[in-house]
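Read through the structure below, which is laid out as structure tokens, and then see the notes.
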Amino acid sequence: MLDLKELRENVDQVIELLNRRGDDFSYLKEVVALDEKRREIIQTVESTKAKRNDISKKIGQYKREKKDPQPLFDEIAQIGQGVKTLEKELEDIEQEIQHHLMMTPNVPHPDIPVGKDESDNEIIKTEGEPTTFDFEPLAHWDLAQSLDIIDFDRATKVAGSRFAVYKGLGARLERVLIQFMSDLHAHEHGYTEILPPYLVNEASMTATGQLPKFKEDAFQIRDERGFYLNPTAEVPTINLHRDEILDAKEIPISYTAFTTAFRKEAGSAGRDTRGIIRQHQFNKVELIKFTKPEDSYNALDEMLTHSEKVLKLLKLPYRVVNLCTGDLGFSMRKTYDIEVWLPSYNTYREIGSISNAEAYQARRGNIKFKRDAKSKPEFVHTLNGSGLAVGRTVVAIMENYQQADGTIKIPDVLVPYMKTDIIK
RNA sequence: GGAGGAGUACCCAAGUGGUUGAAGGGGCUAGCUUGGAAAGUUAGUAGGUCGGAAACGGCGCAAGGGUUCAAAUCCCUUCUCCUCCGCCA
């Protein structure tokens, strides 16, 4: 959520920055006008209430002193007039302001590249060389089929399209990667492990920014409580501290959370229909941080190195891009994507992203901290990053580690986990 | 699913319509006392949020509605926790 005060003071600048996302945000001027009106009404309503409270108190006093309170009743009868209608008007205005604020994305960081879509992202660095083969490499779905480690047909029978059944060493590889990544972040990078609920409520989805605008992307449970299926560990994990005021001593807070994520992929019909690149259900190890405002960009860069570490240990070629304004997620101010080399696509594909929401989610979720006992609470900054998307890591390993005979070599670091060095 | 009970400030807890703009403890902070501490003692301790340049004011007793000039207190709805029974990995 945008900060109303900041918006009030810098409408033009905020609109200019938001417009870089490729939409028109000039309606925010009306929001500022509504806020003007809102504050006007508040002043009237509150001074009236103050008067009424005053007289009410006097009535109590008169009664105790056995004086006749009738004149005060006459007085108060008029004072109350109109407060109800004004309060109703106030409520309507506040709702409208709230609606606009909830539907408005985060303001892009002024320094990130301005652009329309992913083709305008800025490549920051490239690690390793695209894998070369002295044979014709197969796509992961073909490898999966010939090695019998992923069953797409039966997944369709059991659930539907965009689902997969992992089998044998395929299932083991997926499970082992979850453990490998969680161990790395928990033991070596100092994150606290979280295993959160997979059903989340509407308030949680709203705080992180999935709702109200992107309802159609989420699976909702048919139940009077209206639960949503976890679309990313970011949702339950950021919401651990919703409506809390943290002690400065507690932050930064660093969590790593493995969850299975569920997404409708409503906007990507027909895209990536083959293989397991884009599924309704996928596993992900996530990194989440709560920091003081002044520390969040250092934390972002550090988180990036933690995500990269996974690929480095797996010896997979990748690159890091700085997302342009047009490709930036709704709640985020700045995002790095990590893209891994996929031979069958002959290109780099996203395998994780690391973002700083600054105070945007903290404001929506009311997550604050106090510098010391006497200071005013301030909003924390929230960050989240992939550490990484597990299914896509499986794809990257299959495709990059495939051998001429159709087998797949297991990356050295995974061998102790896998208890084998080859899938054949 | 059935039957009961309970949610008051950091914690415990009093409080059934008007000096409660929340008693009393504990804890915490500061002072006195002490060689230093403990004990003792005195004082401070809703936090938050919204409006306001400020003074100050609005809201706040799980949440949301309602009754009333006035609600922690009366009414309605919801949520959470606890106990017992049933079911269950």
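When Watson-Crick and G-U wobble pairs are counted only if both distances are under 3.5 Å, B:G57 pairs with B:C50. A 3.5 Å limit on both hydrogen-bonding distances identifies no Watson-Crick or G-U partner for B:A22. Applying the Watson-Crick and G-U wobble criteria (two distances, each under 3.5 Å), B:A39 pairs with nothing in any strand. The nucleotide B:G44 finds its pairing partner in B:C28, both defining distances of the Watson-Crick or G-U wobble pair being shorter than 3.5 Å. For B:C74, the paired base is B:G66 (Watson-Crick or G-U wobble, both distances below 3.5 Å). With a cut-off of 3.5 Å on both pairing distances, the Watson-Crick or G-U wobble partner of B:G1 is B:C85. If you check B:A6 for Watson-Crick or wobble pairing at under 3.5 angstrom, you find it paired to B:U80. With a 3.5 Å ceiling on both atom-pair distances, B:A13 lacks any Watson-Crick or G-U wobble partner.
Rounded to whole Å, the separation between the C1' atoms of B:C61 and B:A14 comes to 13 Å. When the C1' atom is compared between B:U67 and B:U16, the two are found 16 Å apart, to the nearest whole Å. Across B:U45 and B:A22, the matching P atoms stand 11 Å from one another, rounded to whole Å. Remark: the separation of the P atoms in B:A39 and B:U20 is 33 Å, to the nearest Å. Spacing of P atoms, B:C69 relative to B:C79, comes out at 32 Å, to the nearest Å. Here, B:A62 and B:A9 have their P atoms 8 Å apart, quoted to the whole Å. Rounded to the nearest Å, the gap between the P atom of B:G18 and that of B:A13 is 24 Å. Comparing the same atom, C1', in B:C87 and in B:G48 gives a spacing of 43 Å after rounding to whole Å.
The minimum heavy-atom distance between A:Ser182 and A:Phe258, with the atom names listed, is OG-CB, 4.3 Å.
Looking at A:Asp35 and A:Arg38, a side-chain N of the basic residue comes within less than 4.0 Å of a carboxylate O on the acidic one, giving a salt bridge. Using a cut-off of 4.0 Å between Lys/Arg side-chain N and Asp/Glu carboxylate O, A:Arg225 and A:Asp223 are scored as salt-bridged. A salt bridge is defined here as a Lys NZ or Arg NE, NH1 or NH2 lying under 4.0 Å from an Asp or Glu carboxylate O, and A:Lys29 with A:Asp12 meets this definition. Between A:Asp421 and A:Lys424 no salt bridge is recorded (no basic side-chain N to carboxylate O distance below 4.0 Å).
The nearest whole Å value for the distance from the CZ atom in A:Arg52 to the P atom in B:G57 is 16 Å. When rounded to the nearest whole Å, the span between CZ of A:Phe369 and P of B:G48 equals 14 Å. Rounded to whole Å, atom P of B:C50 lies 18 Å from atom CD1 of A:Ile93. Atoms CD1 (A:Ile55) and P (B:G57) sit 16 Å apart, rounded to a whole Å. Between A:Leu72 atom CG and B:U68 atom C1' the separation is 16 Å, expressed in whole Å. Spacing between atom CG of A:Asp35 and atom P of B:C50 amounts to 12 Å, rounded to whole angstrom units. Across the protein-nucleic acid pair, A:Gln61 atom CD and B:U20 atom P stand 12 Å apart, rounded to whole Å. Rounded to an integer number of Å, the gap from A:Leu90 CG to B:C59 C1' is 12 Å.
You'll find that the side chain of A:Ser56 is closest to B:A70, out of B:A70, B:G48, B:G51. The side chain of A:Ala50 lies closest to B:G58 when the candidates are B:G48, B:G51, B:G58. In this structure, of B:U49, B:G51, B:C59, it is B:U49 that holds the atom nearest to the side chain of A:Pro377. Closest to the side chain of A:Lys370, out of B:G47, B:G51, B:C69, is B:G47.
Among the atoms of the strands shown, only primed sugar atoms or phosphate atoms (P, OP1, OP2) are found under 4.0 Å from some heavy atom of A:Arg8. Note on A:Ile42: only backbone sugar-phosphate atoms sit closer than 4.0 angstrom, heavy atoms only; bases stay farther off. Using a 4.0 Å heavy-atom criterion, one finds that A:Lys5 contacts the sugar-phosphate atoms exclusively.
A:Asn384 pairs with exactly one of A:Gln361, A:Lys289, A:Glu286 by the side chain to side chain donor-acceptor pair (under 3.5 Å) rule, that one being A:Glu286.
Under a 3.5 Å cut-off, the side chain of A:Arg263 and the backbone N or O of A:Pro231 do form a donor-acceptor pair. No side-chain donor-acceptor contact under 3.5 Å links A:Thr256 to the backbone of A:Glu193.
Between A:Arg39 and B:G58 there is no side-chain polar atom (N or O) within less than 4.0 angstrom of OP1 or OP2. Contact check, A:Asn366 against B:G48: no side-chain N or O comes under 4.0 Å of OP1 or OP2. At B:G58, one or more side-chain N or O atoms of A:Asn53 fall inside 4.0 Å of OP1 or OP2 (strictly under the cut-off). The phosphate of B:U49 (OP1 or OP2) has a side-chain N or O of A:Lys368 nearer than 4.0 angstrom.
Classified by its glycosidic torsion, B:G44 falls in the anti category, the angle being over 90° from 0.
Closest-nucleotide positions on RNA chain B for A:Gly60 and A:Glu378 were compared, and the one nearer the 5' end corresponds to A:Gly60. Residue A:Lys57 is the one, among A:Arg225 and A:Lys57, whose nearest nucleotide of RNA chain B lies closer to the 5' end (criterion: closest heavy atom).
At a cut-off of 3.5 angstrom, the base of B:G51 holds no donor-acceptor pair with the side chain of A:Gln43.
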